[in-house]
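Convention: sequence-line order gives letters A, B, ...; per-chain numbering from 1. Values below: every heavy atom of this structure, side chains too, minus hydrogens, waters and symmetry copies.
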Amino acid sequence: MNYSEVFGKVVSHCKEYGFIFPSGEIYDGLSAVYDYGPAGVQLKRNLSDAWWKAMTQKFDNIVGLDAAILMPPTVWKASGHVDAFNDPLIDNKDSKKRYRADVLVEDYIEKLLEKARKEEEKLIKKGKTPEEAARMPQVKKSVEKAEAARIRLAEVVNAGDMHAFKRLIDDLEIVCPESGTRNWTDVRQFNLMFKTRLGAVADEGADLYLRPETAQGIFVNFLNVQKSSRMKVPFGVAQIGKAFRNEIVARQFIFRMREFEQMEMQYFVRPGTQSEHYRFWKEERMRWHLSLGIPAERLRYKDHDKLAHYADAATDIEFYYPFGWKETEGIHSRTDYDLRRHQEFSGKKQTYFDPETQESYIPYVVETSVGLDRTVLMHLCNAYAEEEAPTAEGGTEVRTVLRFHPAVAPTYVAVLPLVKKDGMAEAAKSIHERLKNRFFSAYDEKDAVGRRYRRQDAKGTPFCVTIDTETLSDGTVTVRERDSMAQERVSTDALESYLAAKSTGV
RNA sequence: GCGGGAGUAGCUCAAUGGUAGAGCAUCAGCCUUCCAAGCUGAGGGUUGCGGGUUCGAGUCUCGUCUCCCGCUCCA
């Protein structure tokens, strides 16, 4: 079974065992929106807890934050999202190519001006002065046409009138550079940010956006956090939260969702030192993924060739998903772009006084940003396995098992009486009651013990504790390990510490 | 968004235009001493949704929605 065959099985397994459901399924669902079921939410929470501890607990100079999803709209002007996330798009039906409508018109204008310039040059060569050449009809016509198009473009862009935009493209007789035809779809405004309104009355109040990334909540709180927690550069602010993007195409299960959760840490550093911190976090974040059992051969760095406007270095940590190598986490050296822009737009100084160097500066930022849902999917894809397992009759059968790292498995241990009689069930229940205080423990007495083992395998429970007649006489139980199916006899007194020792490695 | 494919029980799938079924799973009971055993019973469906053709539609037809694959898009 190869990786891509696994994908469909993972998706149906997720539904069958309560990890992930399509959102609002009884109403046909909503594209690219999913709900986490009982097993899925625990897996997700274990992963985010592991991340939160790896940041805020492990590092003295990283503190947490939970900023609101709604923020003043100017935040998104400052961050560049209002411009970058707003495109009028049009498709050519023949070439199937999609273009930004404003770019098409601008290219058209540019072509006209180019034509005018060439005419001008020709005329000047023929002895006209530049002033005379500019007045000649063959030049003047192109320039005027270009000017008229520019005015109309500005009008439709300002009005946000997509029908007028389409008429403009039709009127200008713009053709597709690929197919050369004018067989266009309508112009559609693609806004990757979700819009909502502040205030209960529909036509009053301000337009707001649901945040398209969580990072800005950290940037706008930079000084609040730094001053209230007496942090000195370098220090980090960690945050876990939802973000929203109106993706044009959202596919691949929970890999690209419209509503998703990010775990971000912005690390504020002295300008000039960003490279060393960038290198540190690059390695540290890879180590974290490895520590939770993701094998090294399914992880890699992918350095960015072309950098975003705000970055001076960027890399992705990619996982080999069933549909290929894809980004799970990004580590970006964001320079002082964000804080500088917020200083500019808010008029509030975003500088830090460094007591060591006795100077004030806007700190540089190294960002680690990991998709929580992608991390969940990574662990699901990595954990899913079908393998031969022995049956009671001595043959073999396929067992489906989720080999989660014990630290992230939704259920840590299942307590099973070998059979329901002779007081085994009662003994098992009391062990379960005790384990519950410390672990996510499940109790199951239905069906043969072999079947119960397989049920726990399918949910990814790493340990099963089985109570048999020996338990009643000498107080020992067997602990059955999920992956090896090996059993070990452990005294009930030592059971808790035995189980606890198995989850190390985070 | 475009092209192709698919939607029947929780899952995998049956059902010449003629009474919607099986296996697995779930639940209850019996039986069962270590890897999906067995027996008895129960629940679960407007066949994705909405029109049309027909005496009669899961089946033919049109539309629509959702999912999958490819393209496209993705600071």
Tell me whether the rings of [X] and [Y] are parallel (<30°), tilted (30 to 60°) or perpendicular (>60°).
| X | Y | value |
| --- | --- | --- |
| Tyr34(A) | Phe253(A) | perpendicular |
| Phe439(A) | Tyr412(A) | parallel |
| Tyr443(A) | His432(A) | tilted |
| Phe222(A) | Phe268(A) | tilted |

Both Asp457(A) and Glu445(A) contact RNA chain B. Taking the nearest nucleotide for each, which residue is further toward the 5' end? Glu445(A)

Both Tyr17(A) and Arg455(A) contact RNA chain B. Which one's nearest nucleotide lies toward the 5' end? Arg455(A)

Short side-chain donor-acceptor distance under 3.5 Å, Ser333(A) and Asp312(A): yes

With rounding to whole Å, what would you report as the distance between [N] and [M] at their [atom1] atoms?
| N | M | atom1 | answer |
| --- | --- | --- | --- |
| A14(B) | G58(B) | C1' | 11 Å |
| C55(B) | G63(B) | C1' | 26 Å |
| G23(B) | G7(B) | P | 22 Å |
| C71(B) | A9(B) | P | 31 Å |
| U32(B) | G44(B) | P | 32 Å |
| G70(B) | A28(B) | P | 43 Å |
| G51(B) | U40(B) | P | 43 Å |
| G56(B) | G18(B) | C1' | 7 Å |

What integer distance in Å separates [X]:[atom1] from [N]:[atom2]?
| X | N | atom1 | atom2 | value |
| --- | --- | --- | --- | --- |
| Ile254(A) | C67(B) | CD1 | P | 15 Å |
| Arg454(A) | C35(B) | CZ | P | 9 Å |
| Asp444(A) | C34(B) | CG | P | 17 Å |
| Lys420(A) | C30(B) | NZ | C1' | 9 Å |
| Trp76(A) | A75(B) | CH2 | P | 16 Å |
| Asp447(A) | A25(B) | CG | P | 8 Å |
| Leu416(A) | A36(B) | CG | P | 14 Å |
| Asp468(A) | U33(B) | CG | P | 12 Å |

Is there a donor on the side chain of Glu213(A) or the base of A75(B) sitting less than 3.5 Å from an acceptor on the other? yes

Tell me whether the side-chain N or O atoms of Arg256(A) pair up with the base of C74(B) as donor and acceptor below 3.5 Å, since no angle test is needed here. yes

State the pairing partner of [N]; accept Watson-Crick or G-U wobble contacts with both distances under 3.5 Å, and report none otherwise.
| N | value |
| --- | --- |
| C39(B) | G29(B) |
| G21(B) | C13(B) |
| U53(B) | none |
| G70(B) | C2(B) |
| G7(B) | C65(B) |

Compare side-chain N and O positions of [X] against OP1 and OP2 of [N] and report whether any pair is under 4.0 Å apart.
| X | N | answer |
| --- | --- | --- |
| Lys15(A) | C11(B) | yes |
| Arg451(A) | U32(B) | no |
| Lys446(A) | C27(B) | no |

Answer yes or no for Lys77(A) and Phe345(A): cation-pi contact, defined as NZ/CZ to six-membered ring centre under 6.0 Å and angle to ring axis within 45°. no

Pi-cation contact, Tyr453(A) with Arg480(A) (under 6.0 Å, within 45°): yes

Candidates [options] - which lies nearest the side chain of [X]:
| X | options | result |
| --- | --- | --- |
| Tyr34(A) | C68(B), C34(B), C11(B) | C68(B) |
| Arg245(A) | A75(B), G10(B), C34(B) | A75(B) |
| Thr466(A) | A75(B), C34(B), C11(B) | C34(B) |

Show every donor-acceptor pair shorter than 3.5 Å between a side-chain atom in residues 362-369 of chain A and any protein atom, with sequence neighbours excluded, or say none if there are none.
unit_1    : atom_1 : unit_2    : atom_2 : d
Glu367(A) : OE1    : His332(A) : ND1    : 3.0
Glu367(A) : OE1    : Arg334(A) : NH1    : 3.4
Glu367(A) : OE2    : Gln266(A) : NE2    : 3.0
Glu367(A) : OE2    : Arg334(A) : NH1    : 2.5
Ser369(A) : OG     : Glu264(A) : OE2    : 3.1

Checking side-chain contact (heavy atoms from CB on, under 4.5 Å) against Met424(A), which of Thr469(A), Thr471(A), Thr466(A) comes through? Thr469(A)

Testing Ser48(A), Pro38(A), Pro410(A), Cys14(A) for side-chain contact (heavy atoms from CB on, under 4.5 Å) with Leu43(A), which one passes? Pro410(A)

Does anything in residues 331-344 of chain A reach RNA chain B, meaning a heavy atom under 4.0 Å, and if so which residues? none

Going by number, which of residues 474-495 of chain A have a non-hydrogen atom under 4.0 Å from RNA chain B? Thr478(A), Arg480(A), Met485(A), Gln487(A)

Quick one: do Glu386(A) and Arg399(A) make a salt bridge, cutoff under 4.0 Å? no

Exactly one of Arg454(A), Arg452(A), Arg455(A), Lys420(A) clears salt bridge (charged side-chain N to carboxylate O under 4.0 Å, His left out) with Asp447(A), and that residue is Arg455(A)

